[in-house]
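I have placed the structure first, in the form of structure tokens, so that the comments after it can refer back to it.
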Amino acid sequence: WSSKKIRMFSAKTPCNVGDPVAEIETPTLVLCLDKLETNLGTLKEAMARYPGVAFRPHVKAHKCPVLGQLQMKSGACGVCCQTLTEAEAMVEGGLQDVFISNEVIGRKKLLRLAALARTAKVSVCVDSEGNIEDLSKAAGDLGVTLDLVIEVNVGQDRCGVEPGQDVARLAKKIQSLPQVNFKGIQCYNGWNQHIRKASERKAAVELVAEKGKKALQALKEGGFDCPYVTGGGTGTFHFEAGSGVFTEVQPGSYLMMDVDYNKNLDESEKFVSEFQQSLYIISTVQSVAPGDRAVLDTGLKGVSLDSGVPTISGAGDLIFHNGGDEHGIVRPSGDLKVGDQVWLVPGHCDPTVNMYQWIVGLRDGHVECVWPVSGRGPGV
Ligand code: PLP
Ligand code: MN
């Protein structure tokens, strides 16, 4: 990514390739590339322990096709997206195998989805007969075939049909229609990812796997083979991968991490994550009330607060407080002076990355790359 290519995107970048970190304009989202690369390798090595189970990283965490490409190079079988916008960004960025782990609704969106299948392998979740009919029609209109994955409610009580007869009913519906294939089932429970104790996360995934087995049994009784069961995230993928039920896992946050995930305990019940914190927001001190507070140029428009406040890297005794849209208040003020850069570890990586147009990659104190977050937004 040369500076010339970067300038093809209209949004102004916060720095140029080669700049020292001190010259980055803030607030800016940065990734430490050494740690990012370590995380890519750690997931690859972890998954080598589960032969026959593939990994399909979730790009909802970064929404950046360049990072999707790096994940493919580290052994991923494809990528997961949560929105059509993310899927379009990934295909435009050269990704060849994209699974939307979510339902896509409405004629116009389904035509956009079908259009992606002209250049990439596309699969998508379904949980209603009407949507399956609409997908078949859209795929037929564009002369493509779509792989459909039935979403099973395994405890999140969000989307998905209950494990049992409804799964077989939807498989039958898919089988009866042209231009759509029954690929398998998705069994994902997001709440389980952040259960702190590893033993309790494991027990929660055992319940998920039981529900998955129930869905598979119903499919078998309906005469359907189901060679594909996908699910799991950064907090639980070891358990899904080792369950004997799942054939694919979908961790996303592992690449960047956040305060919330760093609070999960490992199997010895210690705060030791197998993944490293690679994502930071660099902010600048814009005001100091000596002895009381320092004020950062980064508020809730620059770092998501839904999973708690960010921590301040290298200064555990300084606490970030919500100062509104564009301000963060740090108490105590420590040694901070106006103009200092402060590195924040976001509470939750996905919604934080979604606020930024650019991911700035750092190595050895300098900007090595600037990548567009081209799949960002609410997912129109
Ligand atoms: N799969 C699905 C369906 C998700 O919704 C998510 C995240 O919300 C993930 C995978 C990835 O989870 P994580 O980023 O916690 O690894
Ligand atoms: Mn998340």
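Nothing fancy with the numbering, it's 1 onward along the sequence. Read the numbers this way: they start at 1 and go in the same order the structure lists the ligands and their atoms.
No donor-acceptor contact under 3.5 angstrom links the side chains of Asn354 and Asp350, judged on distance only. Defined by atom type and a distance below 3.5 Å, a donor-acceptor pair is present between the side-chain atoms of Gln250 and Thr230. No side-chain N or O of Glu267 forms a donor-acceptor pair with one of His238 less than 3.5 Å apart. Side-chain contact annotation: Asn262 with Gln277, donor-acceptor N/O pair under 3.5 Å present. Between the side chains of Tyr254 and Gln71, at least one donor-acceptor pair of N or O atoms lies under 3.5 Å.
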Criterion side chain to side chain contact (heavy atoms under 4.5 Å, CB included) on Ile174 and Val126, from CA distance to verdict: CA-CA 10 Å; Ile174 297 168; Val126 292; 4.2 Å; yes
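Ion pairing between a basic and an acidic side chain is recognised when a charged N comes within 4.0 Å of a carboxylate O; Glu326 and Lys301 show such pairing. Ion pairing of Arg363 with Asp34 is present here, as a side-chain N (NZ or NE/NH1/NH2) and a carboxylate O approach within less than 4.0 Å. Taking 4.0 Å as the cut-off between side-chain N and carboxylate O, Arg169 and Glu129 count as a salt-bridged pair.
Distances shorter than 2.8 Å separate the Mn ion (ligand 2) from the protein N/O/S atoms His348 NE2, Asp350 OD1.
Annotation: ligand 1 has protein neighbours His58, Lys60, Gln82, Ser101, Arg158, Tyr188, Gly232, Gly233, Thr234, Gln250, Pro251, Gly252, Ser253, Tyr261, each with a heavy atom less than 4.0 angstrom from the ligand.
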